[in-house]
Each structure stands twice: as structure tokens, then as C-alpha cells.
Amino acid sequence: MERANPLTIITAGSTGLIGNELIKQMLEQTPIEHIYALSRRELPFFHSKLEVIQHPELRIQDWDDNKPQPEYGFICLGTTLQQAGSKQALEKVDYELVCDVAQEMKLLGVKQLAVVSSYGASARSFSHYLRCKGRMELAIERMGFDRVVFVRPGPLKGLRENPRKDEVVVQTMLTILQPLMLGPLSKLIPIEAADVAQAMQYQLFAHSSKKLEILDSSNMRRLIQQYQ
């Protein structure tokens, strides 16, 4: 990523699988001058570029207008039904919290936003999880950002703080079946969380006139290959 002007970024979901990779990658990017990280808890590392905004509900309070204004936002929030405990609790995170954070970022001045969604996201899906993701996408589209990028990864690969047993089983099965996963099925090949984080940056920082862009796992892999 090569840009002449220094960038100020704000992220949410820095302790998750993709969000953690995203923060680590951006701290190494020379054009990125300052990163605000919205987080429920302290991050396990420090950096001169990094400023953690800690709040249990990811709220931004007592903002100092003299601070550098974030131009770009990244949201990597999400949960599962097993983690949330109920459909209502899942909706509060995957729909309500993500939309609330996006709105807060917009109020701070963010004009371009990248958000982690899910393969199969649709407001009309029979799956409650995918329906929440689809409704979230529609709500953020209507918020008036100059540009929005949704990434819709399939199964994720990476080291989680608390591994999900169901994910491990699915990843193992799909890895075995990978040689047979051609065409549309290639979107379900497990993708590294680090690759998702990298693709989000490539796409959001690219010069584009499109107000809305959606990347599945196949798109993300091709995008990364273009930059290598």
C-alpha cells in the first residue's frame, strides 16, 4: 500500500480473529499515521500509532475535536448463536452493535468504511445469522458513507483465543474436500483471517468511484494476488 498522505484510521473489533490481524498489519504500514481502536478491553500490545478507546458498549465519549479525524473505518465485529446464547443476543451484536458503531464512525467524519459480513448474507435468508448480516448491510448502505466495502468470507482459518469446535470440524472437512470445490463452491474454501484483513485494506484504500463493493473469499484471494 503506497500513499503519499498520512492516514488516520478507526477500527472496531480489534480482539477478534480478523480485527486482530488488521491492527497488526496496519501498524506496520508507513502511510498510516494514527489508529483509533474501539475495544471492550485493553489490547495485548502497545504501539506509538495506536490509541485504544475502551468502552463496554464500544461508545465514543468525550471526543476531543483537536484529535486527528479518522478518514477510514473498519468494523470487524460479530458473534455466533453459540457464543451469544440466543437469537436476540446475536442480533444485538451482528445487527444493532455493528450499525451503532458505523453511525458513530460517520459522526466522527469517517467517509469510507469496510465491514466484515458473511458469505450468504441476505435480509431474506432463512438463517437468522445470515439475515442479521443482510439487514446490517442494508442499514449501513443507507447511512450515506461515500464508499462502503463489505467482505463476505466463508469459513475462517487462523488462531483464535478461544477456538470454536464447530469451526474446527468444518475447516477440516472443507480442507479435505478442497480439490473438488470448483466454481461457486470455491467461495467456501476456508480463508486465512490475515488474508481477509489484507483484502479489506487493499480494497478500501484503492481509488474507486463505486459507492458499494462486496468481496467474497474468491474475490479476496484474487485481489491479494494482484498486489503480490
Side-chain angles (χ1 to χ4, degrees), residues 10-23 36-41 53-61 70 72-108 110-156 160-162 164 166-167 170 187-188 191 193 196-197 199-200 203-204 211-217 219-220:
I10 186 167
T11 72
S14 307
T15 58
L17 191 57
I18 296 173
N20 186 262
E21 290 287 350
L22 180 68
I23 286 281
Y36 300 108
L38 274 174
S39 180
R40 294 187 183 91
R41 60 182 189 268
I53 302 174
Q54 192 173 343
H55 190 277
E57 296 180 1
L58 302 182
R59 302 297 185 193
I60 303 171
Q61 298 177 320
Y72 297 87
F74 293 85
I75 301 178
C76 308
L77 297 167
T79 187
T80 64
L81 184 58
Q82 183 178 2
Q83 287 179 315
S86 69
K87 289 184 176 181
Q88 184 179 13
L90 183 145
E91 185 171 342
K92 282 189 173 295
V93 174
D94 281 35
Y95 174 64
E96 295 178 19
L97 181 61
V98 174
C99 290
D100 287 346
V101 168
Q103 191 62 58
E104 289 203 349
M105 288 185 177
K106 188 171 190 299
L107 291 174
L108 285 185
V110 169
K111 292 181 171 56
Q112 302 196 49
L113 181 71
V115 185
V116 176
S117 183
S118 173
Y119 174 78
S122 171
R124 297 180 179 179
S125 175
F126 289 109
S127 161
H128 180 72
Y129 172 77
L130 296 178
R131 194 163 59 248
C132 286
K133 294 292 190 185
R135 289 175 58 211
M136 172 273 291
E137 290 186 6
L138 290 175
I140 290 179
E141 281 180 51
R142 295 169 182 150
M143 288 182 187
F145 288 96
D146 289 354
R147 189 156 161 259
V148 178
V149 174
F150 291 115
V151 294
R152 294 178 175 175
L156 292 174
R160 288 189 185 275
E161 189 175 311
N162 298 302
R164 301 172 183 170
D166 56 339
E167 257 190 5
V170 170
K187 299 175 183 178
L188 288 173
I191 185 169
V196 177
M200 291 176 79
Q203 195 67 26
L204 193 65
K211 290 183 66 68
L212 174 65
E213 293 169 293
I214 297 174
L215 302 180
D216 59 35
S217 293
N219 300 144
M220 286 186 266

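As a basis for the values below, the full set of heavy atoms in this structure was taken, side chains included, without hydrogen atoms, waters or symmetry mates.
- The minimum heavy-atom distance linking Gly73 with Val110 is given by the pair N-CG1, 3.5 Å.
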Report all side-chain donor-acceptor pairs from residues 93-104 shorter than 3.5 Å, counting only partners two or more places apart or in another chain.
from, atom 1, to, atom 2, distance (Å)
Asp94, OD1, Thr79, N, 2.9
Asp94, OD2, Lys133, NZ, 3.2
Glu104, OE1, Ile60, N, 3.1

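- Inter-residue side-chain proximity for Val196 and Met220 is flagged as met; some heavy-atom pair is nearer than 4.5 Å.
- Considering only heavy atoms from C-beta on, Leu130 stays 4.5 Å or farther from Ser122 through its side chain.
- The shortest distance between side-chain heavy atoms of Arg41 and Thr15 falls below 4.5 Å.
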task = Could you please spell out the steps behind the side-chain contact (heavy atoms from CB on, under 4.5 Å) verdict for Val116 and Met200?
result = CA-CA 9 Å; Val116 176; Met200 291 176 79; 3.8 Å; yes

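- Take Arg135 and apply the side chain to side chain donor-acceptor pair (under 3.5 Å) test, not counting sequence neighbours, and it matches Glu91.
- Shortest non-hydrogen contact noted between Pro70 and Tyr36 is CD-CE1, 4.1 Å.
- Rounded to the nearest 0.5 Å, atoms CG (Leu215) and CG (Leu204) are 10.5 Å apart.
- Between Ser39 and Ile53, the closest side-chain pair of non-hydrogen atoms is not below 4.5 Å.
- Atom CD1 in Ile214 sits 11.5 Å away from atom CD in Gln203 (nearest 0.5 Å).
- A search for side chain to side chain contact (heavy atoms under 4.5 Å, CB included) contacts involving Lys87 returns Leu81, His128, not counting sequence neighbours.
- In this structure the side chain of Leu90 reaches within 4.5 angstrom of the side chain of Cys132, judged on heavy atoms.
- Residues forming a salt bridge (Lys or Arg N to Asp or Glu O under 4.0 Å) with Arg131 (at least two apart in sequence, or on another chain): none.
- Contact record, Gly154 with Ser217: N-OG, 3.0 Å, taken as the closest heavy-atom pair.
- For the side chain to side chain donor-acceptor pair (under 3.5 Å) condition, the pairs that include at least one residue of residues 137-146, sequence neighbours left out, are Ser117-Glu137, Glu137-Arg152.
- Take Lys111 and apply the salt bridge (Lys or Arg N to Asp or Glu O under 4.0 Å) test, not counting sequence neighbours, and it matches no residue.
- Every residue two or more places apart in sequence or in another chain was checked for a ring-ring contact (aromatic ring centres under 6.0 Å, His included) with Phe150, and none qualifies.
- How far CG of Leu108 is from CD1 of Ile10: 5.0 Å, rounded to the nearest 0.5 Å.
- Residue Ile23 holds its CD1 atom at 4.0 Å from OG of Ser14, rounded to the nearest 0.5 Å.
- A distance of 4.5 Å separates CG of Leu113 from CZ of Phe145, quoted to the nearest 0.5 Å.
- In this structure, OG1 in Thr80 is found 4.0 Å from CD in Gln83, a value given to the nearest 0.5 Å.
- When all heavy atoms of Met143 and Lys106 are compared, the closest pair comes out as O-CE, 2.6 Å.
- Residues Leu58 and Leu77 have side chains in contact (heavy-atom distance under 4.5 Å, counting atoms from C-beta outward).
- Residues that satisfy the salt bridge (Lys or Arg N to Asp or Glu O under 4.0 Å) test with Glu21, not counting sequence neighbours, are absent from this structure.
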